[in-house]
Amino acid sequence: MKKLPKLGFLYLDYVLRFFDHSNFKGWPNRIEEVVYHWKNDKKRFIDEVKRKKIDILIGNIPATAYDTFVEISKELPHVRFVPSIQSQFSNKSKENVTLFCKKHKLSIPKTKIFYDNKKAVKYLEQKANYPQIIKRSYGPSNYGGYYVHKVDNFKEAKKLLKEKKYTPVYTQDAIKLKDSGDIRVMLIGHKPICAFWRYAGKNEWITNTSQGGSMSYKNIPMNALELAVQASKAAKAEYWACDIAICKNTGKAYILECATAFAAFPYIRDWIGQYLMWDFSKGKFKIPHVPLFSWEELGKIDSNLLRTLRHIGFSKYKPSFDGEWYLNDANIGFDMQEVSKSDDSDFPKQIISNKIKDCFDKDKKTEEFELKKLNLNNASLTDIMTLYAMQEELAIEIHEYIQENIITDSTDLLELESVDEHMLKCWDKNLDDMRVDINSVEEYELIKIKGIGKKLAKLIIKYKKELNGFKSIEELEQIEGIGKNKLVQLKSRFKIGV
(Lines give C-alpha, C1' and ligand atoms only; values in the text may rest on other atoms or scores of the structure.)
Protein backbone atom coordinates (compact mmCIF):
# COMPACT_ATOMS: atom_id res chain seq x y z
CA MET A 1 0.00 0.00 0.00
CA LYS A 2 1.13 3.55 -0.76
CA LYS A 3 2.19 5.94 1.98
CA LEU A 4 -0.70 7.75 3.66
CA PRO A 5 -1.08 11.42 2.65
CA LYS A 6 -0.09 14.20 5.06
CA LEU A 7 -3.28 15.77 6.47
CA GLY A 8 -3.81 19.29 7.75
CA PHE A 9 -6.79 21.02 9.38
CA LEU A 10 -7.69 24.33 7.76
CA TYR A 11 -8.79 26.82 10.43
CA LEU A 12 -9.58 30.55 10.31
CA ASP A 13 -9.49 33.10 13.11
CA TYR A 14 -12.95 33.93 14.51
CA VAL A 15 -14.59 31.02 12.66
CA LEU A 16 -16.12 27.99 14.36
CA ARG A 17 -14.10 24.81 13.83
CA PHE A 18 -16.02 21.97 12.20
CA PHE A 19 -13.37 19.24 12.67
CA ASP A 20 -10.75 18.41 15.26
CA HIS A 21 -8.42 15.47 15.88
CA SER A 22 -11.10 13.41 17.66
CA ASN A 23 -13.13 13.23 14.43
CA PHE A 24 -10.22 11.31 12.83
CA LYS A 25 -9.86 8.70 15.55
CA GLY A 26 -7.26 6.09 14.58
CA TRP A 27 -5.39 8.08 11.94
CA PRO A 28 -1.82 6.93 12.63
CA ASN A 29 0.12 10.02 11.57
CA ARG A 30 0.29 13.55 12.93
CA ILE A 31 -2.38 15.87 11.55
CA GLU A 32 -1.07 19.42 11.11
CA GLU A 33 -3.03 22.61 11.78
CA VAL A 34 -2.82 25.70 9.58
CA VAL A 35 -4.64 28.90 10.58
CA TYR A 36 -5.50 31.68 8.14
CA HIS A 37 -5.37 35.05 9.92
CA TRP A 38 -7.37 37.16 7.41
CA LYS A 39 -6.23 40.49 6.06
CA ASN A 40 -2.93 40.14 4.11
CA ASP A 41 -2.12 36.60 5.23
CA LYS A 42 -2.24 34.78 1.89
CA LYS A 43 1.51 34.44 1.23
CA ARG A 44 2.34 33.39 4.79
CA PHE A 45 -0.46 30.80 4.73
CA ILE A 46 0.75 29.32 1.42
CA ASP A 47 4.34 29.17 2.69
CA GLU A 48 3.24 27.37 5.88
CA VAL A 49 1.28 24.73 3.93
CA LYS A 50 4.33 24.12 1.73
CA ARG A 51 6.72 24.02 4.68
CA LYS A 52 4.57 21.43 6.49
CA LYS A 53 4.36 19.38 3.25
CA ILE A 54 0.59 18.99 3.57
CA ASP A 55 -1.14 16.90 0.89
CA ILE A 56 -4.77 17.36 1.99
CA LEU A 57 -6.29 20.42 3.74
CA ILE A 58 -9.55 19.65 5.54
CA GLY A 59 -12.01 22.36 6.51
CA ASN A 60 -14.84 24.60 5.35
CA ILE A 61 -14.17 28.08 4.03
CA PRO A 62 -16.60 30.84 5.09
CA ALA A 63 -18.28 32.95 2.43
CA THR A 64 -16.10 35.96 3.11
CA ALA A 65 -12.91 33.98 2.38
CA TYR A 66 -14.04 32.06 -0.70
CA ASP A 67 -12.42 34.28 -3.35
CA THR A 68 -9.12 34.35 -1.49
CA PHE A 69 -9.00 30.56 -1.24
CA VAL A 70 -9.74 30.21 -4.95
CA GLU A 71 -6.47 32.09 -5.47
CA ILE A 72 -4.67 30.16 -2.72
CA SER A 73 -5.68 26.83 -4.28
CA LYS A 74 -4.09 27.92 -7.57
CA GLU A 75 -0.82 28.51 -5.72
CA LEU A 76 -1.08 25.02 -4.18
CA PRO A 77 -1.99 22.85 -7.19
CA HIS A 78 -0.79 19.62 -5.56
CA VAL A 79 -2.84 20.13 -2.37
CA ARG A 80 -6.31 18.61 -2.23
CA PHE A 81 -8.86 20.82 -0.46
CA VAL A 82 -11.65 18.94 1.32
CA PRO A 83 -14.35 19.86 0.56
CA SER A 84 -13.01 20.95 -2.82
CA ILE A 85 -13.01 24.67 -3.61
CA GLN A 86 -15.53 23.98 -6.39
CA SER A 87 -17.92 22.11 -4.10
CA GLN A 88 -17.83 25.09 -1.71
CA PHE A 89 -19.03 27.42 -4.48
CA SER A 90 -22.56 27.40 -3.03
CA ASN A 91 -21.33 28.44 0.43
CA LYS A 92 -20.56 31.95 -0.75
CA SER A 93 -24.01 33.32 -1.52
CA LYS A 94 -27.65 32.60 -2.29
CA GLU A 95 -26.90 33.79 -5.81
CA ASN A 96 -24.29 31.04 -6.19
CA VAL A 97 -26.82 28.44 -5.03
CA THR A 98 -29.16 29.54 -7.82
CA LEU A 99 -26.40 29.54 -10.46
CA PHE A 100 -25.29 26.08 -9.36
CA CYS A 101 -28.82 24.64 -9.46
CA LYS A 102 -29.59 26.17 -12.86
CA LYS A 103 -26.37 24.82 -14.39
CA HIS A 104 -27.13 21.29 -13.20
CA LYS A 105 -30.90 21.49 -13.85
CA LEU A 106 -31.80 20.96 -10.20
CA SER A 107 -35.34 21.88 -9.18
CA ILE A 108 -35.54 25.30 -7.47
CA PRO A 109 -38.31 27.89 -6.98
CA LYS A 110 -38.57 30.49 -9.73
CA THR A 111 -35.77 32.92 -8.82
CA LYS A 112 -34.78 36.34 -10.17
CA ILE A 113 -31.53 38.18 -9.39
CA PHE A 114 -31.20 41.90 -10.16
CA TYR A 115 -28.21 44.19 -9.77
CA ASP A 116 -30.26 47.02 -11.25
CA ASN A 117 -32.74 48.16 -8.60
CA LYS A 118 -35.07 49.75 -11.15
CA LYS A 119 -35.39 46.47 -13.06
CA ALA A 120 -36.09 44.66 -9.79
CA VAL A 121 -38.89 47.10 -8.89
CA LYS A 122 -40.36 46.79 -12.40
CA TYR A 123 -40.37 42.98 -12.17
CA LEU A 124 -41.92 42.99 -8.70
CA GLU A 125 -44.59 45.46 -9.83
CA GLN A 126 -45.52 43.95 -13.21
CA LYS A 127 -44.53 40.28 -13.42
CA ALA A 128 -43.95 38.72 -9.99
CA ASN A 129 -46.37 36.25 -8.46
CA TYR A 130 -47.00 36.86 -4.77
CA PRO A 131 -46.06 35.98 -2.12
CA GLN A 132 -42.35 36.51 -2.87
CA ILE A 133 -39.38 35.53 -0.68
CA ILE A 134 -36.68 38.22 -0.74
CA LYS A 135 -33.29 37.34 0.71
CA ARG A 136 -29.94 38.96 1.22
CA SER A 137 -27.58 37.06 -1.09
CA TYR A 138 -24.17 37.84 0.42
CA GLY A 139 -22.95 37.95 3.99
CA PRO A 140 -23.97 36.09 7.14
CA SER A 141 -26.40 33.19 7.40
CA ASN A 142 -30.15 33.60 7.68
CA TYR A 143 -30.17 32.31 11.26
CA GLY A 144 -33.38 33.41 12.91
CA GLY A 145 -34.78 34.69 9.61
CA TYR A 146 -33.04 38.06 9.97
CA TYR A 147 -32.07 38.27 6.29
CA VAL A 148 -34.99 36.46 4.66
CA HIS A 149 -38.36 38.13 4.21
CA LYS A 150 -41.80 37.26 2.90
CA VAL A 151 -43.78 39.93 1.05
CA ASP A 152 -47.43 39.46 0.06
CA ASN A 153 -47.74 42.29 -2.47
CA PHE A 154 -45.79 44.91 -4.41
CA LYS A 155 -46.33 47.60 -1.76
CA GLU A 156 -44.61 45.43 0.87
CA ALA A 157 -41.82 44.50 -1.58
CA LYS A 158 -41.10 48.13 -2.48
CA LYS A 159 -41.02 49.16 1.18
CA LEU A 160 -38.64 46.28 2.04
CA LEU A 161 -36.21 47.14 -0.78
CA LYS A 162 -36.17 50.77 0.32
CA GLU A 163 -35.39 49.81 3.92
CA LYS A 164 -32.91 46.98 3.36
CA LYS A 165 -31.18 48.15 0.15
CA TYR A 166 -30.06 44.61 -0.66
CA THR A 167 -27.72 44.24 -3.63
CA PRO A 168 -28.33 42.14 -5.59
CA VAL A 169 -32.09 41.94 -5.24
CA TYR A 170 -32.66 38.19 -4.82
CA THR A 171 -36.31 37.21 -5.01
CA GLN A 172 -38.10 33.85 -5.29
CA ASP A 173 -41.64 32.63 -5.76
CA ALA A 174 -42.83 31.33 -2.40
CA ILE A 175 -43.55 27.60 -2.32
CA LYS A 176 -46.74 26.61 -0.53
CA LEU A 177 -45.10 24.25 1.95
CA LYS A 178 -46.51 20.88 2.89
CA ASP A 179 -47.47 21.01 6.59
CA SER A 180 -45.76 24.44 6.84
CA GLY A 181 -42.35 22.76 6.95
CA ASP A 182 -39.19 22.24 4.94
CA ILE A 183 -36.59 19.47 5.13
CA ARG A 184 -32.87 19.54 5.99
CA VAL A 185 -30.93 16.63 4.45
CA MET A 186 -27.27 15.89 5.30
CA LEU A 187 -25.20 13.60 3.10
CA ILE A 188 -21.81 11.87 3.21
CA GLY A 189 -20.41 10.39 0.02
CA HIS A 190 -23.74 11.25 -1.68
CA LYS A 191 -25.69 9.12 0.85
CA PRO A 192 -28.34 10.73 3.10
CA ILE A 193 -27.27 10.14 6.71
CA CYS A 194 -29.62 12.53 8.51
CA ALA A 195 -32.86 14.24 7.53
CA PHE A 196 -35.58 16.04 9.45
CA TRP A 197 -38.61 18.25 8.98
CA ARG A 198 -38.48 21.81 10.30
CA TYR A 199 -41.93 23.21 11.02
CA ALA A 200 -42.85 26.85 11.45
CA GLY A 201 -44.15 28.01 14.82
CA LYS A 202 -47.60 29.37 15.41
CA ASN A 203 -48.29 32.52 13.31
CA GLU A 204 -44.79 32.22 11.81
CA TRP A 205 -43.72 31.24 8.31
CA ILE A 206 -39.97 30.72 8.91
CA THR A 207 -39.10 27.11 9.74
CA ASN A 208 -36.57 27.87 12.44
CA THR A 209 -36.51 26.49 15.99
CA SER A 210 -35.39 29.87 17.37
CA GLN A 211 -38.64 31.33 16.02
CA GLY A 212 -40.78 28.81 17.89
CA GLY A 213 -40.57 26.10 15.22
CA SER A 214 -40.27 22.36 15.82
CA MET A 215 -38.49 19.35 14.31
CA SER A 216 -39.47 15.82 13.32
CA TYR A 217 -37.34 12.99 11.94
CA LYS A 218 -40.33 10.97 10.72
CA ASN A 219 -41.71 10.34 7.22
CA ILE A 220 -39.08 12.06 5.08
CA PRO A 221 -40.31 11.67 1.46
CA MET A 222 -38.01 9.80 -0.91
CA ASN A 223 -38.13 12.52 -3.60
CA ALA A 224 -36.51 14.97 -1.13
CA LEU A 225 -33.66 12.50 -0.52
CA GLU A 226 -33.27 11.85 -4.25
CA LEU A 227 -33.04 15.57 -5.03
CA ALA A 228 -30.43 16.04 -2.29
CA VAL A 229 -28.40 13.14 -3.74
CA GLN A 230 -28.57 14.70 -7.22
CA ALA A 231 -27.27 18.01 -5.83
CA SER A 232 -24.47 16.31 -3.87
CA LYS A 233 -23.34 14.40 -6.96
CA ALA A 234 -23.46 17.54 -9.12
CA ALA A 235 -21.29 19.35 -6.55
CA LYS A 236 -18.95 16.33 -6.24
CA ALA A 237 -19.05 17.00 -2.50
CA GLU A 238 -17.54 14.72 0.14
CA TYR A 239 -20.21 15.96 2.53
CA TRP A 240 -23.20 18.16 1.81
CA ALA A 241 -26.47 19.58 3.13
CA CYS A 242 -29.66 20.70 1.40
CA ASP A 243 -32.76 22.53 2.56
CA ILE A 244 -35.68 21.24 0.52
CA ALA A 245 -39.29 22.39 0.18
CA ILE A 246 -42.13 20.04 -0.74
CA CYS A 247 -44.98 21.76 -2.59
CA LYS A 248 -48.28 21.13 -0.81
CA ASN A 249 -50.29 21.02 -4.06
CA THR A 250 -48.00 18.96 -6.33
CA GLY A 251 -45.68 17.10 -3.94
CA LYS A 252 -42.69 18.29 -6.03
CA ALA A 253 -39.36 18.86 -4.22
CA TYR A 254 -37.42 22.14 -4.59
CA ILE A 255 -33.96 23.09 -3.35
CA LEU A 256 -33.98 26.19 -1.14
CA GLU A 257 -30.35 26.15 0.09
CA CYS A 258 -27.34 23.87 -0.28
CA ALA A 259 -23.78 24.02 1.03
CA THR A 260 -20.89 22.13 2.61
CA ALA A 261 -21.00 24.47 5.64
CA PHE A 262 -23.73 23.36 8.04
CA ALA A 263 -24.30 22.66 11.70
CA ALA A 264 -24.02 18.98 12.63
CA PHE A 265 -24.08 16.87 15.76
CA PRO A 266 -20.67 15.54 16.88
CA TYR A 267 -21.46 11.97 15.83
CA ILE A 268 -22.18 13.18 12.27
CA ARG A 269 -18.80 14.90 12.15
CA ASP A 270 -17.29 11.60 13.37
CA TRP A 271 -18.99 9.79 10.48
CA ILE A 272 -17.59 12.35 8.03
CA GLY A 273 -14.12 11.82 9.55
CA GLN A 274 -14.43 8.03 9.17
CA TYR A 275 -15.56 8.42 5.57
CA LEU A 276 -12.67 10.76 4.75
CA MET A 277 -10.13 8.37 6.35
CA TRP A 278 -11.54 5.56 4.16
CA ASP A 279 -11.23 7.83 1.11
CA PHE A 280 -7.72 9.10 1.92
CA SER A 281 -6.38 5.63 2.74
CA LYS A 282 -7.86 3.96 -0.37
CA GLY A 283 -9.81 1.53 1.79
CA LYS A 284 -7.32 0.80 4.58
CA PHE A 285 -9.85 2.22 7.06
CA LYS A 286 -13.44 0.97 7.09
CA ILE A 287 -16.15 3.10 5.53
CA PRO A 288 -18.87 3.92 8.10
CA HIS A 289 -22.10 2.00 7.69
CA VAL A 290 -25.06 4.35 8.21
CA PRO A 291 -28.42 2.71 7.39
CA LEU A 292 -30.94 4.78 5.49
CA PHE A 293 -33.58 6.30 7.80
CA SER A 294 -31.37 5.65 10.87
CA TRP A 295 -32.22 9.23 11.85
CA GLU A 296 -35.75 8.12 12.77
CA GLU A 297 -34.36 6.01 15.64
CA LEU A 298 -31.70 8.53 16.68
CA GLY A 299 -34.34 11.25 16.63
CA LYS A 300 -36.14 9.54 19.50
CA ILE A 301 -33.22 10.50 21.78
CA ASP A 302 -33.55 13.78 23.68
CA SER A 303 -31.69 16.48 21.74
CA ASN A 304 -29.72 17.55 24.83
CA LEU A 305 -28.25 14.06 25.03
CA LEU A 306 -27.89 13.70 21.26
CA ARG A 307 -25.59 16.74 21.22
CA THR A 308 -23.10 14.94 23.49
CA LEU A 309 -23.00 11.53 21.78
CA ARG A 310 -19.81 10.52 19.99
CA HIS A 311 -18.61 7.67 17.77
CA ILE A 312 -22.02 6.09 17.13
CA GLY A 313 -21.71 3.03 14.88
CA PHE A 314 -24.03 0.63 13.12
CA SER A 315 -23.12 -2.94 12.20
CA LYS A 316 -24.15 -4.26 8.82
CA TYR A 317 -27.10 -6.62 8.65
CA LYS A 318 -26.10 -10.19 7.76
CA PRO A 319 -29.14 -11.78 6.11
CA SER A 320 -30.20 -15.36 5.71
CA PHE A 321 -29.68 -16.99 2.32
CA ASP A 322 -33.08 -15.84 1.01
CA GLY A 323 -32.61 -12.34 2.39
CA GLU A 324 -29.14 -12.14 0.88
CA TRP A 325 -30.55 -12.93 -2.55
CA TYR A 326 -33.16 -10.19 -2.14
CA LEU A 327 -30.68 -7.55 -1.00
CA ASN A 328 -28.24 -8.36 -3.79
CA ASP A 329 -30.98 -8.34 -6.40
CA ALA A 330 -33.01 -5.32 -5.37
CA ASN A 331 -32.01 -1.68 -5.75
CA ILE A 332 -33.49 -0.31 -2.52
CA GLY A 333 -31.22 2.43 -1.25
CA PHE A 334 -28.14 4.61 -1.53
CA ASP A 335 -24.50 3.69 -0.89
CA MET A 336 -21.63 5.92 0.17
CA GLN A 337 -19.40 6.57 -2.81
CA GLU A 338 -15.89 7.82 -3.34
CA VAL A 339 -16.24 11.35 -4.67
CA SER A 340 -14.79 12.05 -8.11
CA LYS A 341 -12.45 15.00 -8.52
CA SER A 342 -13.98 18.42 -9.14
CA ASP A 343 -12.77 20.86 -11.75
CA ASP A 344 -13.63 24.43 -12.70
CA SER A 345 -15.91 23.38 -15.57
CA ASP A 346 -18.37 21.84 -13.08
CA PHE A 347 -19.44 25.24 -11.80
CA PRO A 348 -20.89 28.39 -13.31
CA LYS A 349 -18.92 31.58 -13.58
CA GLN A 350 -19.80 34.14 -10.98
CA ILE A 351 -21.82 37.25 -11.74
CA ILE A 352 -20.27 40.44 -10.36
CA SER A 353 -21.83 43.84 -11.07
CA ASN A 354 -19.87 46.36 -13.11
CA LYS A 355 -20.12 48.82 -10.25
CA ILE A 356 -18.25 46.38 -8.02
CA LYS A 357 -15.74 45.48 -10.75
CA ASP A 358 -14.93 49.18 -11.19
CA CYS A 359 -13.81 49.32 -7.56
CA PHE A 360 -10.69 47.26 -8.26
CA ASP A 361 -7.29 48.47 -9.36
CA LYS A 362 -6.83 46.46 -12.58
CA ASP A 363 -3.46 48.00 -13.43
CA LYS A 364 -1.57 46.65 -10.43
CA LYS A 365 0.16 43.31 -10.86
CA THR A 366 -0.57 42.32 -7.28
CA GLU A 367 -4.09 41.53 -6.14
CA GLU A 368 -3.85 43.89 -3.21
CA PHE A 369 -6.96 45.97 -2.70
CA GLU A 370 -6.29 49.72 -3.01
CA LEU A 371 -8.66 51.82 -0.93
CA LYS A 372 -7.47 55.10 -2.45
CA LYS A 373 -8.90 54.15 -5.84
CA LEU A 374 -12.30 53.19 -4.43
CA ASN A 375 -14.90 55.78 -5.30
CA LEU A 376 -16.75 54.98 -2.09
CA ASN A 377 -18.03 58.52 -1.52
CA ASN A 378 -20.29 58.11 -4.57
CA ALA A 379 -21.35 54.54 -3.75
CA SER A 380 -24.38 53.48 -1.79
CA LEU A 381 -23.97 51.66 1.51
CA THR A 382 -25.43 48.59 -0.22
CA ASP A 383 -22.63 48.63 -2.82
CA ILE A 384 -20.09 48.92 -0.05
CA MET A 385 -21.71 46.02 1.83
CA THR A 386 -21.54 43.81 -1.27
CA LEU A 387 -17.89 44.69 -1.75
CA TYR A 388 -17.32 44.12 1.97
CA ALA A 389 -18.70 40.59 1.73
CA MET A 390 -16.75 39.77 -1.44
CA GLN A 391 -13.31 41.03 -0.43
CA GLU A 392 -12.56 39.53 2.93
CA GLU A 393 -8.80 40.07 2.98
CA LEU A 394 -9.11 43.72 3.83
CA ALA A 395 -12.51 43.63 5.50
CA ILE A 396 -11.18 45.31 8.63
CA GLU A 397 -9.54 48.14 6.65
CA ILE A 398 -12.72 48.71 4.65
CA HIS A 399 -14.70 48.76 7.90
CA GLU A 400 -12.43 51.47 9.34
CA TYR A 401 -12.50 53.47 6.11
CA ILE A 402 -16.32 53.38 6.01
CA GLN A 403 -16.62 54.45 9.65
CA GLU A 404 -14.23 57.39 9.17
CA ASN A 405 -15.37 58.59 5.75
CA ILE A 406 -18.80 57.29 4.81
CA ILE A 407 -21.11 56.68 7.77
CA THR A 408 -23.32 59.69 8.42
CA ASP A 409 -26.50 58.05 9.61
CA SER A 410 -27.03 55.98 12.76
CA THR A 411 -29.19 53.50 10.81
CA ASP A 412 -26.31 52.88 8.38
CA LEU A 413 -23.96 52.33 11.30
CA LEU A 414 -26.29 49.79 12.87
CA GLU A 415 -26.46 47.89 9.57
CA LEU A 416 -22.67 47.88 9.30
CA GLU A 417 -22.31 46.65 12.89
CA SER A 418 -24.82 43.90 12.17
CA VAL A 419 -22.63 42.68 9.31
CA ASP A 420 -19.53 42.88 11.53
CA GLU A 421 -21.23 40.81 14.20
CA HIS A 422 -22.02 37.95 11.85
CA MET A 423 -19.64 38.05 8.88
CA LEU A 424 -16.91 35.86 10.36
CA LYS A 425 -19.28 33.13 11.58
CA CYS A 426 -20.25 30.66 8.88
CA TRP A 427 -22.44 28.11 10.66
CA ASP A 428 -25.75 28.11 12.53
CA LYS A 429 -25.41 29.06 16.18
CA ASN A 430 -28.23 26.88 17.52
CA LEU A 431 -26.13 23.81 18.40
CA ASP A 432 -24.43 23.95 21.77
CA ASP A 433 -21.71 21.52 20.73
CA MET A 434 -20.07 24.04 18.38
CA ARG A 435 -18.44 26.56 20.71
CA VAL A 436 -16.44 29.59 19.64
CA ASP A 437 -13.32 30.67 21.50
CA ILE A 438 -14.67 33.51 23.67
CA ASN A 439 -11.25 35.11 24.07
CA SER A 440 -10.83 35.33 20.27
CA VAL A 441 -14.21 37.01 19.85
CA GLU A 442 -13.54 39.52 22.64
CA GLU A 443 -10.09 40.23 21.24
CA TYR A 444 -11.62 40.89 17.82
CA GLU A 445 -14.20 43.26 19.34
CA LEU A 446 -11.46 45.18 21.17
CA ILE A 447 -9.27 45.46 18.07
CA LYS A 448 -12.15 47.22 16.33
CA ILE A 449 -11.66 50.13 18.77
CA LYS A 450 -9.38 52.66 17.11
CA GLY A 451 -5.86 52.59 18.52
CA ILE A 452 -6.11 49.13 20.13
CA GLY A 453 -3.98 46.43 18.55
CA LYS A 454 -3.69 42.71 19.30
CA LYS A 455 -1.04 43.17 22.01
CA LEU A 456 -3.08 45.73 23.96
CA ALA A 457 -6.29 43.72 23.47
CA LYS A 458 -4.66 40.64 25.01
CA LEU A 459 -3.42 42.75 27.93
CA ILE A 460 -6.91 44.14 28.57
CA ILE A 461 -8.43 40.64 28.50
CA LYS A 462 -5.72 39.42 30.90
CA TYR A 463 -6.48 42.22 33.42
CA LYS A 464 -10.20 41.62 33.06
CA LYS A 465 -9.73 37.96 34.02
CA GLU A 466 -7.52 38.83 36.98
CA LEU A 467 -10.02 41.39 38.30
CA ASN A 468 -13.02 39.20 37.47
CA GLY A 469 -14.38 42.01 35.31
CA PHE A 470 -13.84 45.79 35.34
CA LYS A 471 -15.87 47.59 37.98
CA SER A 472 -14.47 51.13 37.73
CA ILE A 473 -12.76 53.44 35.27
CA GLU A 474 -9.74 53.61 37.62
CA GLU A 475 -9.03 49.91 37.01
CA LEU A 476 -8.83 50.57 33.27
CA GLU A 477 -6.53 53.56 33.79
CA GLN A 478 -3.93 51.23 35.38
CA ILE A 479 -3.36 49.50 32.01
CA GLU A 480 -0.39 50.96 30.15
CA GLY A 481 -1.20 52.42 26.74
CA ILE A 482 -4.81 53.47 27.35
CA GLY A 483 -5.50 57.16 26.77
CA LYS A 484 -8.62 59.27 27.26
CA ASN A 485 -10.25 58.39 23.91
CA LYS A 486 -9.80 54.67 24.45
CA LEU A 487 -11.09 54.97 28.03
CA VAL A 488 -14.38 56.42 26.84
CA GLN A 489 -14.94 53.56 24.39
CA LEU A 490 -13.79 50.88 26.83
CA LYS A 491 -16.10 52.27 29.52
CA SER A 492 -18.98 51.81 27.12
CA ARG A 493 -17.70 48.40 25.95
CA PHE A 494 -17.53 46.98 29.49
CA LYS A 495 -20.65 48.86 30.67
CA ILE A 496 -18.81 50.51 33.57
CA GLY A 497 -21.13 52.76 35.57
CA VAL A 498 -24.20 51.59 33.70
Side-chain angles (χ1 to χ4, degrees), residues 5 7-12 15 18-19 34 36 42 45-46 49 54-108 111 113 137-138 141 185-191 227-243 255-262 264 272 275-276 278-280 336-352 367 389-393 426-427:
L7 307 185
F9 290 131
L10 167 58
Y11 295 141
L12 294 91
V15 176
F18 194 71
F19 292 118
V34 189
Y36 180 73
K42 188 164 68 173
F45 179 87
I46 291 169
V49 172
I54 292 171
D55 300 306
I56 301 174
L57 268 177
I58 308 161
N60 288 304
I61 299 162
T64 45
Y66 181 80
D67 289 333
T68 296
F69 274 87
V70 169
E71 300 305 319
I72 287 174
S73 66
K74 291 175 182 176
E75 296 291 326
L76 298 168
H78 302 299
V79 175
R80 176 183 171 184
F81 285 78
V82 176
S84 69
I85 301 296
Q86 289 84 359
S87 69
Q88 297 193 62
F89 176 84
S90 298
N91 290 352
K92 184 177 178 183
S93 66
K94 309 296 180 291
E95 180 180 2
N96 280 15
V97 171
T98 299
L99 295 173
F100 164 72
C101 289
K102 285 186 175 180
K103 178 176 175 63
H104 295 285
K105 297 180 173 59
L106 299 167
S107 176
I108 56 171
T111 305
I113 304 168
S137 179
Y138 293 95
S141 72
V185 183
M186 301 177 189
L187 307 98
I188 304 174
H190 311 320
K191 178 177 183 176
L227 181 57
V229 169
Q230 289 173 29
S232 176
K233 288 184 174 181
K236 297 181 179 177
E238 289 85 358
Y239 53 94
W240 188 251
C242 284
D243 290 343
I255 286 179
L256 301 177
E257 306 282 351
C258 52
T260 60
F262 55 91
I272 296 172
Y275 168 80
L276 292 177
W278 168 80
D279 182 4
F280 300 156
M336 286 190 186
Q337 304 173 28
E338 188 173 350
V339 175
S340 53
K341 188 178 179 182
S342 296
D343 58 61
D344 291 331
S345 65
D346 291 326
F347 295 88
K349 298 297 179 184
Q350 205 163 356
I351 298 172
I352 302 176
E367 297 171 21
M390 287 180 170
Q391 296 297 316
E392 75 296 340
E393 282 191 290
C426 64
W427 293 300

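- Trp278 is listed as a side-chain neighbour of Glu338, based on a closest heavy-atom distance under 4.5 Å.
- Ring planes of Phe19 and Tyr239: perpendicular class, angle over 60° (limits at 30 and 60°).
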Exercise. Walk me through it: do Glu75 and Lys42 pass the test side chain to side chain contact (heavy atoms under 4.5 Å, CB included)?
Key: CA-CA 10 Å; Glu75 296 291 326; Lys42 188 164 68 173; over 6 Å; no

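- Nearest heavy-atom pair across Val229 and His190 is CG2-O, 3.4 Å.
- Gly8 and Ile54 get closest at one heavy-atom pair: N-CG2, 3.9 Å.
- The ring-ring contact (aromatic ring centres under 6.0 Å, His included) test with Trp240 is passed by exactly one of Phe100, Tyr275, Phe262: Phe100.
- Using a 4.5 Å heavy-atom threshold, the side chains of Ile56 and Phe280 count as touching.
- Using bins of under 30°, 30° to 60° and over 60° for the plane-to-plane angle, the ring pair Phe45/Tyr36 lands in the perpendicular bin.
- By the 4.5 Å heavy-atom criterion applied to side chains, Lys103 and Leu99 are not counted as neighbours.
- Shortest non-hydrogen contact noted between Lys236 and Asp343 is NZ-OD2, 4.5 Å.
- Residues Leu7 and Ile58 form a side-chain contact, since some pair of their non-hydrogen atoms from C-beta on lies under 4.5 Å apart.
- Atoms CG and OG1, on Leu187 and Thr260 in that order, are 12.5 Å from each other to the nearest 0.5 Å.
- Inter-residue side-chain proximity for Thr98 and Ile113 is flagged as met; some heavy-atom pair is nearer than 4.5 Å.
- Of the N and O atoms on the side chains of Asn96 and Ser90, not one donor lies less than 3.5 Å from an acceptor on the other residue.
- Side-chain contact between Lys94 and Glu257 is present, with heavy atoms from C-beta onward closer than 4.5 Å.
- Two residues are said to be in side-chain contact when any heavy atoms from C-beta on lie closer than 4.5 Å; Ile255 and Asp243 fail this criterion.
- Between the OG atom in Ser340 and the NZ atom in Lys233 there is a gap of 10.0 Å [rounded to 0.5 Å].
- Taking every heavy atom of both residues into account, Asp67 and Lys92 meet most closely at OD2-NZ, 2.7 Å.
- In this structure, the side chains of Leu12 and Pro62 come closer than 4.5 Å at one or more pairs of heavy atoms.
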Taking distance alone, no hydrogens or angles, what donor-acceptor pairs closer than 3.5 Å link side-chain atoms of residues 78-86 to residues at least two apart or in another chain?
unit_1, atom_1, unit_2, atom_2, d
Arg80, NH2, Glu238, OE2, 3.0
Arg80, NH2, Asp279, OD2, 2.9
Ser84, OG, Ser87, N, 3.0
Ser84, OG, Ser87, OG, 3.2
Ser84, OG, Ser342, OG, 3.3
Gln86, NE2, Asp344, OD1, 3.0

